[in-house]
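The structure appears below as C-alpha cells.
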Amino acid sequence: VLESLKGVSRGSLRIAVASTVNYFAPRLMAIFQQRHPGIGLRLDVTNRESLVQMLDSNSVDLVLMGVPPRNVEVEAEAFMDNPLVVIAPPDHPLAGERAIPLARLAEETFVMREEGSGTRQAMERFFSERGQTIRHGMQMTRNEAVKQAVRSGLGLSVVSLHTIELELETRRLVTLDVEGFPDRRQWYLVYRRGKRLSPAAGAFREFVLSEAARIALPTRVIQAV
Ligand code: PGA
C-alpha cells in the first residue's frame with residue numbers, strides 16, 4: 001500500500017510494442033493504470049522495422065520488442081522469455097509426433113510474416129543457421145492472419161508462444177515437437193541511449209522489469225510446449 005501511495009501520479013506515457021507484444025501489453029497496461037490512474041497511456045502496435053524508426057526519431061518513451069536494433073544507440077533490458085514455436089492445424093500428419101527432425105520441415109510450406117517482422121527475421125535466422133531452407137508460402141502482415149492461414153491448411157508457421165494462448169486452449173492450433181524448438185528468445189524493454197526517462201516512464205520500466213514475466217503468460221500455456 002505504501003508503495004502505491006508513493007507511486008507516480010501524473011504525466012503521460014507513449015509506449016510502442018511489436019505486433020506480437022500486443023498479446024500481453026494491454027494486460028500490463030491495465031494493471032499499471034490501476035496503480036497509476038493519473039498517468040495517460042498511449043499504445044502503438046507495429047512491426048519491428050517501424051519500432052526501430054520510432055527509436056531513431058525519438059518519438060516514443062519506451063519500446064517492447066524482440067531483438068533490439070544494432071544501428072540505433074539504445075539501452076535494452078531483457079524482461080521475459082519469448083519462445084518461438086512451430087504451429088500446425090490439429091489434424092496435421094506431424095501433430096503428436098515426437099522429436100521431428102528439422103530436415104523433415106523442408107517438405108512443408110510455411111506461411112510467412114512480412115519483411116520487417118522480428119518474428120520472420122528470427123525464423124529465417126533459425127533455419128539458415130542450421131543449414132536448412134524452408135519453402136515460403138503466402139505472406140501476411142498480421143499474426144492473426146498467419147494463425148487463420150495455418151488453421152485453414154495453407155502451411156505451417158513459426159510464431160511466438162504469446163500469440164497462441166487462446167488457440168492452444170481451444171485446440172484450434174497445435175505446436176509441433178520439432179528438433180531445436182522452442183527457439184528460446186527474450187523480450188526487451190528498449191529506449192534511446194541517453195534519454196532521460198520521465199517519472200512515468202521510469203515507473204513503467206520498473207514495473208515491466210519486475211512483474212511482466214509473472215503477468216504476461218499463464219504457466220499452463222508455458223507447460224503446454
Ligand atoms: P514482430 O516482432 O511483431 O515484428 O514479428 C516480434 C519480435 O521481434 O519477436
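Numbering of ligands and ligand atoms starts at 1, following listing order. Only heavy atoms go into these numbers, but all of them, side chains included; no hydrogens, no water, no symmetry mates.
The closest side-chain donor-acceptor pair between Gln139 and Arg120 falls under 3.5 angstrom. With hydrogens and angles left out, the side-chain atoms of Asn47 and Ser50 include a donor and acceptor closer than 3.5 Å. For the residue pair Thr163/Asn143, the side-chain donor-acceptor check at 3.5 Å is not satisfied. A donor-acceptor pair shorter than 3.5 Å cannot be found between the side chains of Ser198 and Asp61.
Aromatic ring orientation, Phe207 versus Phe32: tilted (interplanar angle from 30° to 60°).
The distance from ligand 1 to the heavy atoms of Asn47 drops below 4.0 Å at these ligand atoms: 4 (O). Under a 4.0 Å criterion applied to the non-hydrogen atoms of Thr20, ligand 1 contributes the atoms 1 (P), 3 (O), 5 (O), 6 (C). Within the listing of ligand 1, atoms 9 (O) sit less than 4.0 angstrom from a heavy atom of Asn82. The distance from ligand 1 to the heavy atoms of Arg48 drops below 4.0 Å at these ligand atoms: 4 (O). Near Gly66, the atoms of ligand 1 lying under 4.0 angstrom from a non-hydrogen atom of the residue are 7 (C), 8 (O), 9 (O).
Among all protein heavy atoms, the one lying closest to atom 9 (O) of ligand 1 is Arg185 NH1, 3.0 Å. Nearest protein heavy-atom contact of atom 4 (O) of ligand 1 is Gly118 N, 2.8 Å. Atom 3 (O) of ligand 1 has as its closest protein heavy atom Ser19 OG, 2.6 Å.
Distances shorter than 4.0 angstrom occur between a heavy atom of Arg113 and an atom of ligand 1. Ligand 1 has no atom lying under 4.0 Å from any heavy atom of Glu49.
Cation-pi geometry between Arg193 and Tyr191 is not met at under 6.0 angstrom from the ring centre and within 45 degrees of the axis.
Residue-to-ligand polar distances keep Asn143 apart from ligand 1: every N/O pair is separated by 3.5 Å or more. For ligand 1, the polar-atom distance check finds no N/O of Trp187 at less than 3.5 Å from any of the ligand's N/O atoms.
Ring centroids of Phe24 and His162 are separated by less than 6.0 Å, placing the two rings close together.
Under the side chain to side chain contact (heavy atoms under 4.5 Å, CB included) test applied with Val74, the options Val63, Leu55, Asp56, Val52 reduce to a single match, Leu55.
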